[in-house]
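Reading through the structure tokens given below for one structure.
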Amino acid sequence: MSKKAGRRSLKAATRLVTAGRDPDSNYGFVNPPVYHASTVLYPTAADQVAHRARYQYGRRGTPTSEALENALTELEGEGCAGTVLVPSGLAAISTALLSVLKAGDHLLVTDSAYRPTRTFCDGVLKRMGVETTYYDPLIGADVGRLFKANTRAVFVEAPGSQTFEMQDVPAIAKAAHDKDAVVLMDNTWATPLYFRAFEKGVDLSIQAGTKYIGGHSDIMFGTVSANPATFPALKETFNTMGLCAGPDDIYLALRGLRTMGVRLARHYESGLHIARWLTKRPEVLRVLHPALEDNPGHAIWKRDFSGASGLFSIVFKPTPERAVHAFMDALALFGMGFSWGGFESLVITFDCAEYRTATKWSPGGPTLRFHIGLEDVGDLIADLEGGFAAMAAAHY
Ligand SMILES: *Cc1c(COP(=O)(O)O)cnc(C)c1O
């Protein structure tokens with residue numbers, strides 16, 4: 001293989017390590033420098049008048065931001081025309097939606113979407129004259145029945161936030177495209193490594209870079225990648241809104257991306273191991289993890305995904321809240337806090353019953369969401385055993 005040719009055939013693991021790198025422009029150094037930048041100086045008045053420069057202004061991009069944009073676009077692969085970098089995952093969602101919608105449009109959003117996505121739709125989008133209808137995440141091709149003459153976009157997230165329902169993205173995308181609507185996906189859980197969004201019919205693929213791209217719980221970051229039809233409007237919206245991510249965060253995201261493959265492989269392996277272990281615990285009613293064979297979404301996961309992240313939920317058999325709290329308080333290796341995707345294990349309680357509108361969430365017992373980090377899996381299980389012991393003690 002020549003040095004430049006043949007990148008299209010590279011596997012994702014290789015792209016993660018090599019994409020977006022340009023040592024020739026950086027005195028041979030492996031990584032690009034972090035450009036802290038606003039003004040770009042023009043050499044002559046004529047250049048300034050003609051805006052003749054490789055870079056125009058800090059907000060419009062630097063070699064640092066371009067390195068990561070190029071890396072992510074190449075990682076998305078066939079069908080992806082470009083990527084924008086924004087200051088959070090939620091900003092990625094709002095920017096992507098604003099780039100495809102206008103007043104008078106109708107939007108279909110999965111009932112299992114990340115809650116702040118709904119808040120954006122029910123607040124800002126509603127005020128701007130966009131109507132949102134929430135749909136059952138398991139709807140599949142029947143989503144076509146919910147289309148109105150003004151339906152412009154369908155938003156999917158698989159698996160669902162907190163509850164991990166699996167969506168049939170190719171079927172939904174086909175139904176949407178039959179009606180000339182675009183498909184946006186929050187692909188934070190699987191990342192482009194485990195779900196090839198563009199190959200499955202997605203037009204705009206969103207990631208909360210705060211999670212696995214960053215990977216170290218030290219940045220807020222988001223990305224939107226788009227196909228050739230939707231990228232120009234995405235880029236224009238991004239520019240017009242004045243969005244730009246900070247250079248240090250972009251650099252940390254680029255740094256995180258290089259090791260995302262090995263980190264995700266471990267999150268996948270340890271997460272599934274612990275999910276399986278939890279299915280055998282007498283205290284646990286259900287484990288919501290699509291890679292488990294008896295999960296209702298398993299067939300779709302197996303067909304469309306090539307891996308799983310370290311994020312899943314469990315439903316306890318009915319038990320008093322104090323016992324759940326005793327379980328959580330006894331854990332030493334699982335921090336209690338929001339977000340996920342870092343190297344560390346986390347646990348939170350959640351309840352979707354109060355805000356879902358198209359479906360009813362009644363799990364049958366208290367619910368916890370786990371993020372399985374990169375610690376030794378035996379240590380994590382020993383910690384969970386301690387939690388279950390504290391839970392049993394709390395019953396008396
Ligand atoms: C965390 C998260 C987001 C939002 O990302 P922030 O960087 O926290 O704004 C969006 N979608 C999903 C699925 C998430 O888990």
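Counting starts at 1 for both ligands and their atoms, in listed order.
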* **Donor on one side chain, acceptor on other, Asn70 and Thr73, under 3.5 Å** =>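 Short answer, no.
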* Asked: Just checking, is any N or O donor in the side chain of Glu283 or Thr319 under 3.5 Å from an acceptor N or O on the other one?
  ->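 Their side chains do not contain a donor-acceptor pair, so the 3.5 Å distance test is not met.
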* Cation-aromatic face contact Arg118/Tyr355, 6.0 Å, 45 degrees ->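 Pair Arg118/Tyr355 does not count as cation-pi.
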* Asked: Do the two ring centres, one from Tyr212 and one from His371, sit under 6.0 Å apart?
  ->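 So the answer is yes for these two rings.
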* Just wondering, are more than 12 heavy atoms of other shown residues or ligands nearer than 6.0 Å to NZ in Lys317? ->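 Yes, NZ of Lys317 has more than 12 neighbouring heavy atoms, counting only those of other groups under 6.0 Å.
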* Who passes side-chain hydrogen bond (donor to acceptor under 3.5 Å, both in side chains) against Arg286, sequence neighbours left out? ->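 If we apply the side-chain hydrogen bond (donor to acceptor under 3.5 Å, both in side chains) test to Arg286, skipping adjacent residues, there are no hits.
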Note down each nitrogen or oxygen pair, ligand 1 side and protein side, whose separation is under 3.5 Å; give only atom names and the distance to 0.1 Å.
residue	atom	partner	partner atom	Å
ligand 1	7 (O)	Gly89	N	2.8
ligand 1	7 (O)	Thr210	OG1	2.5
ligand 1	9 (O)	Gly89	N	3.1
ligand 1	9 (O)	Leu90	N	2.8
ligand 1	11 (N)	Asp186	OD2	2.6
ligand 1	15 (O)	Lys211	NZ	2.7
ligand 1	15 (O)	Trp340	NE1	3.0

